Each structure stands twice: as C-alpha cells, then as structure tokens.
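Bear in mind the structure is a predicted one, so any value in this text is a computation, not a measurement.
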Amino acid sequence: GAVVSQHPSRVICKSGTSVKIECRSLDFQATTMFWYRQFPKQSLMLMATSNEGSKATYEQGVEKDKFLINHASLTLSTLTVTSAHPEDSSFYICSASRGPSNQPQHFGDGTRLSIL
Amino acid sequence: TQLLEQSPQFLSIQEGENLTVYCNSSSVFSSLQWYRQEPGEGPVLLVTVVTGGEVKKLKRLTFQFGDARKDSSLHITAAQPGDTGLYLCAVYYSGAGSYQLTFGKGTKLSVIP
C-alpha cells in the first residue's frame, strides 16, 4: 500500500509556459502533501506543504505566486509552475502523508521539468 | 551549513565489495531515516532508526544509529549492481523554520559488474 503517482514524469516546454504537475495518492487518503525540488547534485529541498482544503505553506524563498499549489481532495494535489523560465528547470517530487508533518511520507517518482 | 553531512559524496566499487557510507550531524535527533533514490525516480524509504546504538539489518544492508543519536552509518555487504543509486539520510527537523523532513546531499553509489 501507500502508492503515490506523479504525472507527467517529464516535461519539456518553452520559456513562459505554465506547467501543471499532478500528485495522486492511489490507495490512501493523504491529509498532507509535500512538494520538493531537487537540483543536480543537490538534495531534496522542501518547497511547500499543503493540507487538504487549505492554503499551502511555502518555505522561505519559494514564490507562492510562481508555484501555485492546490490540494482540493484527499487524493490529489497539483503544482503549477507559472510562466516557467530556464532557471525553473529541475526535478520536482511530491510526497503524501496520512497525517501531520512527522508522519511517514510516501514519495512519487518525480517530474523532470526542462524549460528551453 | 548543512544539517546532515553525508560522506563520501561519490563511491564507485566493484561487485562483491563491502562499503560503508556515513551521515553525520552536530545535532541530536529522535530518529533518522535512510532512503535510496534511483535516477529519475523518487526516494524510497529503506529504514528508520530511533534508538541510540540501534542496529537494523535489511538483507545485505546494515544500518546503525550512533549512541548519541547524532550520526548514522549504512554498511552494504557484497554489493550488487542493483544497489546502485543515491543514498540519502533524512531527519525531521524544525530549526528556524517549519518542522520538515530534511535530507542530506546523499552518497551516489555505483556498483560495477
């Protein structure tokens, strides 16, 4: 159990495009979902935490107007990178948890975003 | 400064060799997790250690939590090509910000057949 599906797995698009990434918990209800970003040779860095039905909490330095997060149901959260630029190219990974921050997180397989 | 320092950063060994990778910190933690991440995929939890001095085994992988709960090691016996990946340690930490799962930079392991 505890499968998290992330889609798409890879996106290549032009600068200025907005890109939506979906994160779904397939076999459990995810009260909390997390979005991470991982640059080459770097570790995963938390971007934001979202709880179902409420606004996401963004980490310091993450622009909430650029990275729009929606967690409308207990099985789906979306991250939209608005007006993406080459510096937004990265590996974006979501995770889902049944409870608050210290509950086990189950990770998706990530989305490789490349902005030309 | 990095909360969790992992060493070595890169490790390339022959199949069948043994290896140890480390995760060190100056902070004390109530628990520590090890993950393996393969290219293009998300991290997969291997183990959580919670007690100082604890040793956990997962087939050929042996995890140890330091007595002071500041560091941990992962030992792989008779490494196989399937062990290739990025090994990450992680802790729940609040620091000056939100309480979150914080990762080290990882050790990239390559096992050559």
- What are the residues of residues 15-38 of chain B, in order of number, with any heavy atom under 4.5 angstrom from a heavy atom of chain A? Y35(B), Q37(B)
- Query: L88(B) versus chain A, heavy atoms under 4.5 Å apart: side chain, backbone, both or neither?
  - Reply: side chain
- Note on the structure: The interface call for L4(B) against chain A, heavy-atom contacts under 4.5 Å, is neither
- Indicate if L46(B) and V4(A) have the same hydrophobic cluster label, given that clusters are the connected sets of ILVMFWY residues with side-chain heavy-atom separations under 4.5 angstrom. no
- Query: In terms of hydrophobic clusters joined by side-chain contacts under 4.5 Å, are L86(B) and L45(B) together?
  - Reply: yes
- Would you mind checking which part of Q38(A) comes under 4.5 Å of any heavy atom in chain B, side chain (CB onward), backbone (N, CA, C, O), both or neither? side chain
- Which atoms of L44(A) approach chain B - backbone, side chain, both or neither, heavy atom under 4.5 Å: both
- Task: Keeping to residues at least two apart or across chains, list the disulfide bond (SG atoms under 2.5 Å apart) pairs with something in residues 24-78 of chain B.
- Result: none
- Message: Tell me which pairs pass disulfide bond (SG atoms under 2.5 Å apart) where either residue lies in residues 8-44 of chain A, with sequence neighbours left out.
- Response: C23(A)-C94(A)
- Message: Please enumerate all residues that pass side-chain contact (heavy atoms from CB on, under 4.5 Å) together with P86(A), with sequence neighbours excluded.
- Response: S15(A), I115(A)
- Task: Answer whether the closest heavy-atom distance between the side chains of Y92(B) and Q105(A) falls below 4.5 Å.
- Result: yes
- Test item: F65(B) and V50(B) side chains (from C-beta on) under 4.5 Å apart, heavy atoms: no
- Task: For Q100(B) and E59(A), test the side chains for any donor-to-acceptor distance below 3.5 angstrom and give the result as yes or no.
- Result: yes
